[in-house]
Amino acid sequence: MKLSKTYQPNDYEPNIYALWESSGAFKPSGQGDPYSIVMPPPNANGNLHAGHALFVALQDILIRYYRMKGRDTIWIPGADHAGFETWVVFEQALTGQGKSRFDYSRDQLYQMTWDFVDENRGNMELQLRALGASCDWNHQIFTLDREVTDVVFTTFKKLWDDRLIYRGERIVNYCTYHDTSFADIEVEYKEEQGKLWYIDYPLVFPKAGQPKFITIATTRPETMLGDEAVAVNPDDPRYAKLVGQKLLLPLVEKEIPIIADSEVDFEFGTGALKITPAHDPTDFEIGQRHDLPITAVIGTDGLMKSPAPPEFINLTVEQAREQVVEQLDHQGLLRKIEDIKHQVPHCYKCGRVIQPLPKNQWFVSVKPLAERAKKAIRSGKIKFVPEQKGRELERYFDELRDWNISRQIAWGIPIPAFKRVEDETISGNTPEWIFDTRVDQTEIEVGGVKYIRDEDTFDTWFSSGQWPYIVTRGDLTRFYPSTVMETGVDILRPWVARMIMLGLYITDDVPFDEVYLHGLVNDEHNQKMSKSKGNVINPMGVVEQYGSDALRMGIIANRSAALSQAFSTSTVVAGRNFCNKLWNIARLTQLIIDDNPDQPQLEYDIASNWVACRLDQARRQIDKHLEEYRFAEAYDTLYHVVWNDVADWFLEAQKLHQNTSVLKQVLNVVLKLAHPFAPFVTEAIWQSLDTDDKSTTLLISQQWPEKLSYNSVKVKKFEQVKNLVSAVRNLTAELGGKKRVLYHNSEKLVEENCDVIKFLARLEDVVVASRSEEALRIPALAEEVWLAASASEIKAYRAALDKRLDDAKQQVALLEKRLKNPNYVKNAPKNLVEQSTAELAEQRATLKRLQVELKNQ
RNA sequence: GGUCCUUUAGCUCAGUUGGCUAGAGCGCAGCAUUCACAUUGCUGAGGUCGUAGGUUCGAGCCCUACAAGGACCACCA
């Protein structure tokens with residue numbers, strides 16, 4: 001015996017992976033229709049988490065399956081510089097060394113982050129290998145590689161030339177701690193208990209019969225220092241006559257107009273809205289419509305700044321708020337304070353409140369891009385699993401606003417734009433900003449004019465949004481569009497949406513044909529995993545304990561598309577046990593073959609036909625399930641055919657009558673069907689088999705099983721034997737478990753399969769006899785077969801028989817009622833009616849046998 | 001405020017165009033076991049499919065309302 005008693009994954013996995021990798025099996029074959037998956041690049045600086053384990057499992061199953069199906073298959077791995085994410089970690093490390101980002105230049109910081117990432121770089125890749133990812137490492141790309149930045153620059157230029165990129169002062173979401181702006185999508189809104197302050201703004205020249213002031217309501221009184229107007233709804237009768245008049249902005253003593261804008265909600269507060277164009281997105285828009293100046297009183301450092309009155313300058317927002325309220329109260333302008341619950345934007349990383357600030361940034365005009373993307377989904381050019389996620393994206397494209405792509409962090413792809421250095425000698429038509437890819441220089445000269453590089457870097461999603469066509473350039477163009485994009489629902493909007501927009505824009509084609517989305521992997525109690533909760537599952541620990549295959553099967557079991565579901569150790573254990581089952585199937589097969597070396601018996605017995613039929617059905621089902629991305633069901637099908645059919649019935653039967661050629665064939669098919677789901681153990685077994693040319697034979701490179709042939713009559717026969725055996729086992733167990741004698745009235749089925757039935761049903765003996773008093777009829781079987789039982793046992797069993805009788809009666813009544821219903825007979829499909837009729841006959845026969853049985857006792 | 005998802009056995013989940021006795025894994029109970037595997041085998045118990053209506057010969061599945069949980073979106077200052 002070559003194989004140890006149980007499968008020890010750690011003894012095999014690393015060697016098996018090295019075998020695959022060195023054999024070149026991960027490379028595309030160049031034969032067959034292309035099948036490609038672009039891996040969502042994991043953070044180069046991080047360790048893999050449970051979500052990665054899930055995506056590796058799903059994508060690798062697809063890749064291995066289609067590779068075996070003969071497709072020209074590639075899975076392209078990547079590593080993400082993960083701009084902001086990595087930056088935050090790097091800065092923490094810097095702080096840990098007592099340093100800060102202000103001690104270095106941008107270029108120094110970039111280099112330092114590069115080195116920092118480089119140190120950890122290999123971990124992620126080793127972990128992908130440990131998970132068995134059969135991706136083509138020759139084509140691995142890092143998101144900061146030259147070939148990536150080249151494409152990103154070209155795209156930026158094209159957008160620029162097409163006037164789809166503009167630089168403008170807009171309100172951005174600014175984290176004053178991280179010192180960078182965010183896209184709308186990166187902001188986390190949290191409901192908070194806040195206050196609503198009601199403040200009187202006096203009119204400069206109150207007219208007779210009119211109020212002397214307007215009361216506004218605000219949750220952020222400190223921003224009033226930057227107010228430029230008070231807006232009311234044009235249809236609001238309370239304020240109709242006041243529109244156009246001036247107010248005196250308290251504390252600042254500045255005159256501001258009362259304007260009318262339909263955006264203003266009558267219902268909220270007093271119906272009068274103070275307008276701070278610099279510090280609120282809505283106010284900014286209203287300000288634009290009414291040509292109001294943008295007066296910023298909060299700086300990017302989060303402190304108050306000029307032109308706020310001197311006493312407020314350099315106060316924090318919170319301090320300023322207190323001061324403002326206090327002074328207003330002092331001046332008798334504070335009318336009332338209400339408690340209010342409202343949504344407050346927070347930095348998703350540090351949790352601090354996001355300040356809306358005006359900032360000059362690069363923006364992408366997304367409307368035309370989004371329109372096209374929406375059409376691609378609507379027309380079915382891109383298919384989503386699950387479908388509703390496609391509809392969700394369509395709605396998202398409708399409401400998407402211009403996309404801020406500038407980030408004020410050093411770690412990322414520099415924006416290839418340079419700003420003119422002000423100089424009186426330059427002519428009026430020299431552009432303020434020019435495109436240039438010499439981003440390694442901070443200052444360049446063009447036509448005698450000096451330009452300085454934009455210090456900002458691109459939003460990571462701007463470059464990763466171009467990933468599918470970036471990674472398929474060169475000799476891989478046949479793999480674009482990729483076949484399926486498999487990724488997490490959480491990045492449907494930030495990533496998938498952008499890949500579709502930019503893919504269509506640059507290549508005039510969709511970036512992928514289908515999108516499969518997986519949900520979050522929660523902890524065992526279905527709570528979201530997070531470092532702060534300490535409930536994070538480390539996939540490498542699971543691999544170490546149970547094996548890579550076990551983790552893979554455990555994590556896909558019971559899981560459906562796009563749903564957040566719990567991680568379950570028990571399904572991983574089930575996966576581990578399944579690996580061991582495969583292992584022992586191989587061991588037994590080997591054992592039998594070793595015992596019968598030179599005489600393969602070619603007699604094709606009924607069990608062999610039956611198992612061929614079961615395996616063939618399973619193959620078709622797995623095909624169908626994988627076609628429809630039903631991973632859990634494909635695995636379930638495999639699990640049961642291997643365990644329940646092959647191991648529990650076929651191999652048990654083979655212990656009696658060996659058929660080495662069929663045994664070999666069955667093991668071969670089992671290993672192939674199982675390979676995408678349990679690659680390591682199946683390959684380990686494959687390598688242990690005696691084959692003519694081992695060096696070139698890898699399971700990973702084998703063809704998926706073809707149709708198996710079998711004799712249906714023999715299949716049916718084994719099915720009957722199996723039913724009889726189960727019925728005997730059942731009755732034996734109910735009667736108390738000891739071995740018994742089976743009597744039969746020269747039944748052909750029993751006669752022909754006497755020894756198999758005896759063996760599988762664990763019978764004392766099988767003898768021909770007429771009905772004995774000391775025996776119980778095997779229930780629900782048409783054959784005249786009885787199991788030996790003493791009178792007292794029969795008596796004790798009477799209750800069970802009574803119950804069976806009741807069940808049968810109920811069934812007969814139900815079927816009769818259904819068949820008597822003329823509407824059923826008329827409307828239901830014919831085969832169903834026939835089926836019901838047949839079943840009724842069967843149930844009536846059963847009923848009759850049970851009645852006889854009971855009478856005889 | 002809006003949109004979407006979920007609700008099926010003790011737990012985690014399947015259940016593909018409605019079709020008649022709703023499945024799996026784990027857990028639980030009983031029995032077995034020198035014979036590939038205790039990471040085992042056999043047998044079994046356990047569900048009025050969130051609630052209330054409706055459509056239909058027939059509903060876990062379709063429709064309506066409601067309830068609970070979750071996710072996302074939104075400019076209510």
Side-chain angles (χ1 to χ4, degrees), chain A residues 1 3 5-7 184-185 189 196 216-220 223 231 263-265 267-270 272-276 280-286 340 342-343 356 386 388-389 391-392 395-396 399 489-490 492-493 519-520 524-526 528 546 550 554 557-560 562-571 573-592 624-625 628 630 632-633 636 639-640 647-648 651-652 655 726 729-734 736-738 761-762 807 810-811 814-815 818 821-829 831-832 835-836 839:
Chain A
M1 177 59 53
L3 304 178
K5 206 170 166 184
T6 54
Y7 173 57
D184 294 342
I185 205 160
Y189 283 86
L196 194 56
I216 56 92
T218 180
T219 54
R220 305 188 59 200
T223 61
E263 192 100 354
V264 180
D265 182 357
E267 306 285 321
F268 194 89
T270 59
L273 170 62
K274 71 185 225 22
I275 302 296
T276 322
D280 184 280
T282 309
D283 292 7
F284 181 84
E285 280 172 23
I286 294 175
I340 188 179
H342 61 156
Q343 298 284 329
Q388 75 265 10
K389 290 293 165 189
R391 292 194 291 274
E392 186 183 321
R395 285 191 296 272
Y396 176 64
E399 66 195 24
V489 260
D490 51 327
L492 176 67
R493 290 161 185 229
L520 249 58
E524 299 226 45
H525 307 288
N526 219 350
K528 196 168 172 172
Y546 300 102
N558 284 344
R559 198 172 288 277
S560 22
L563 289 183
S564 294
Q565 289 169 313
F567 177 87
S568 153
T569 303
S570 67
T571 56
V573 169
R576 191 264 321 256
N577 296 354
F578 182 63
C579 289
N580 196 53
K581 188 47 96 171
L582 285 166
W583 188 256
N584 275 286
I585 286 171
R587 285 183 76 210
L588 181 60
T589 302
Q590 277 297 346
L591 207 76
I592 294 175
K624 188 160 177 273
H625 288 320
E628 294 167 3
R630 297 166 174 276
E633 283 168 70
D636 193 66
Y639 183 95
H640 286 105
D648 292 345
L651 284 182
E652 285 303 313
K655 285 177 181 171
S726 291
R729 282 172 178 172
N730 173 319
L731 194 51
T732 307
E734 284 185 49
K738 69 169 199 263
R762 272 173 274 256
D807 287 350
Q810 237 172 44
Q811 276 305 307
L814 196 94
L815 287 162
R818 184 177 305 147
N821 181 344
N823 283 324
Y824 174 71
V825 180
K826 200 173 69 193
N827 294 327
N831 64 320
L832 270 174
Q835 210 174 302
S836 300
E839 203 179 320

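Every heavy atom of this structure was used, including side-chain atoms; hydrogens, water molecules and symmetry mates were not. All chains are named by letter (A, B, ...) in the order of the sequence lines, taking the proteins before the strands, and each is independently numbered beginning at 1.
Using Watson-Crick or G-U wobble geometry with both donor-acceptor distances under 3.5 Å, B:G1 finds its partner in B:C73. Within the shown strands, B:A68 is the pairing partner of B:U6 under the Watson-Crick or G-U definition, both distances less than 3.5 Å. When both distances must be under 3.5 Å, the Watson-Crick or G-U wobble mate of B:G18 does not exist. Across all strands shown, B:C62 forms a Watson-Crick or G-U wobble pair, both distances under 3.5 Å, with B:G54. As the counterpart of B:A32, B:U40 is assigned, both hydrogen-bonding distances of the Watson-Crick or G-U wobble pattern falling under 3.5 Å. In this structure, B:A45 forms no base pair with any nucleotide, since neither Watson-Crick nor G-U wobble geometry is met with both distances under 3.5 Å.
Using a 4.0 Å heavy-atom cutoff across all strands shown, A:E628 reaches at least one base atom of the nucleic acid. Contacts of A:P829 with the nucleic acid, taken as non-hydrogen atoms under 4.0 Å apart, include base atoms. The residue A:R576 sits close to a base: some heavy atom pair falls under 4.0 Å. Contact annotation for A:K655: base contact, defined as any heavy-atom pair under 4.0 Å involving a base atom. Using a 4.0 Å heavy-atom criterion, one finds that A:D648 contacts the sugar-phosphate atoms exclusively. Nucleic acid contact for A:A217: base, since at least one base atom lies under 4.0 Å from a heavy atom of the residue.
Spacing between atom CD of A:E633 and atom C1' of B:U16 amounts to 7 Å, rounded to whole angstrom units. The distance between atom CG of A:L273 and atom C1' of B:A77, rounded to the nearest whole Å, is 5 Å. With rounding to whole Å, A:D265 atom CG is found 11 Å from B:C76 atom P. Atom OH in A:Y546 sits about 12 Å away from atom P in B:U39, given to the nearest Å. When rounded to the nearest whole Å, the span between CD of A:Q565 and C1' of B:G69 equals 15 Å. Taking atom CG of residue A:L832 and atom P of nucleotide B:G18, one finds them 13 Å apart after rounding to whole Å. Taking atom CZ of residue A:R220 and atom C1' of nucleotide B:C75, one finds them 13 Å apart after rounding to whole Å. To the nearest angstrom, C1' of B:C35 lies 10 Å from CD of A:E652.
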Between the protein and nucleotides 21-30 of chain B, list the N/O to N/O atom pairs that are separated by less than 3.5 angstrom.
unit_1, atom_1, unit_2, atom_2, d
B:U21, O4, A:Q843, NE2, 3.0
B:A24, O3', A:H640, NE2, 3.1
B:A24, O2', A:D636, OD1, 3.2

Detail all sub-3.5 Å separations between protein N/O atoms and N/O atoms belonging to nucleotides 3-6 of chain B.
unit_1, atom_1, unit_2, atom_2, d
B:U3, O2', A:R395, NE, 3.4
B:U3, O2', A:R395, NH2, 3.2

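No donor-acceptor pair closer than 3.5 Å links the side chain of A:R559 to the backbone N or O of A:A632. Judged by distance alone, the side chain of A:D280 and the main-chain N or O of A:T276 form no donor-acceptor pair under 3.5 Å.
For the C1' atoms, the distance from B:A65 to B:C57 is 26 Å, rounded to whole Å. Distance noted for atom P between B:G41 and B:U12: 26 Å (whole Å). Here, B:U3 and B:C61 have their P atoms 23 Å apart, quoted to the whole Å. Across the P atoms, B:A71 and B:C28 are found 32 Å apart, a figure rounded to whole Å. Atom name P, nucleotides B:U16 and B:U34: the rounded distance is 44 Å, in whole Å. Nucleotides B:G47 and B:A9 have their P atoms positioned 10 Å apart, rounded to a whole Å. Comparing B:U6 with B:G50, their P atoms sit 12 Å apart, to the nearest whole Å. Nucleotides B:G30 and B:G69 place their C1' atoms 38 Å apart, quoted to the nearest Å.
No donor-acceptor contact under 3.5 Å links the side chain of A:K5 to the base of B:A36. For B:U16, its base sits under 3.5 Å from the side chain of A:R630 at one donor and acceptor pair at least.
Taking the side chain of A:L588 as heavy atoms from C-beta on, and the options B:A36, B:C57, B:U43, the nearest nucleotide is B:A36. Nearest to the side-chain atoms of A:L651 among the listed nucleotides B:A77, B:U16, B:A36 stands B:A36. Listed nucleotides: B:C75, B:U39, B:C42. Nearest to the side chain of A:N580: B:U39. The listed nucleotides are B:C42, B:A77, B:A36; the one nearest the side chain of A:F268 is B:A77. When the nucleotides B:G19, B:U43, B:A77 are ranked by their closest atom to the side chain of A:N730, B:U43 comes out on top.
In this structure the side chain of A:E524 reaches within 4.5 angstrom of the side chain of A:T569, judged on heavy atoms.
Side-chain nitrogen and oxygen atoms of A:N526 include at least one within less than 4.0 Å of the OP1 or OP2 phosphate oxygen of B:C13. When the side-chain nitrogen and oxygen atoms of A:K581 are compared with OP1 and OP2 of B:U39, none of them lie within a distance under 4.0 Å.
The residue among A:Q835 and A:H525 whose nearest nucleotide of RNA chain B lies closer to the 5′ end is A:H525. With the nearest nucleotide of RNA chain B identified for both A:T270 and A:E399, A:E399 has the one nearer the 5' end.
We find the CZ-CG distance between A:F268 and A:L273 to be 9.5 Å, quoted to the nearest 0.5 Å. In this structure, A:T571 OG1 and A:N577 CG are separated by 11.5 Å, a value rounded to the nearest 0.5 Å. To the nearest 0.5 Å, the span separating CG on A:N584 from OG1 on A:T589 amounts to 10.0 Å.
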Audit row: A:V489, A:K389, side-chain contact (heavy atoms from CB on, under 4.5 Å) steps and yes/no: CA-CA 8 Å; A:V489 260; A:K389 290 293 165 189; 3.7 Å; yes
Test side-chain contact (heavy atoms from CB on, under 4.5 Å) applied to A:R630 and A:K624, step by step: CA-CA 8 Å; A:R630 297 166 174 276; A:K624 188 160 177 273; over 6 Å; no
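Closest heavy-atom contact between A:K655 and A:L588: CE-CD2, 4.0 Å. Closest non-hydrogen pair, A:R576 versus A:A550, comes out as N-CB, 3.4 Å. In plain terms, the two heavy atoms of A:R220 and A:P356 that are nearest each other are NH1-CD, 3.6 Å. Smallest separation of non-hydrogen atoms from A:A217 and A:G269: CB-CA, 4.0 Å.
Side-chain polar atoms of A:K274 and A:T223 form a donor-acceptor pair below 3.5 angstrom.
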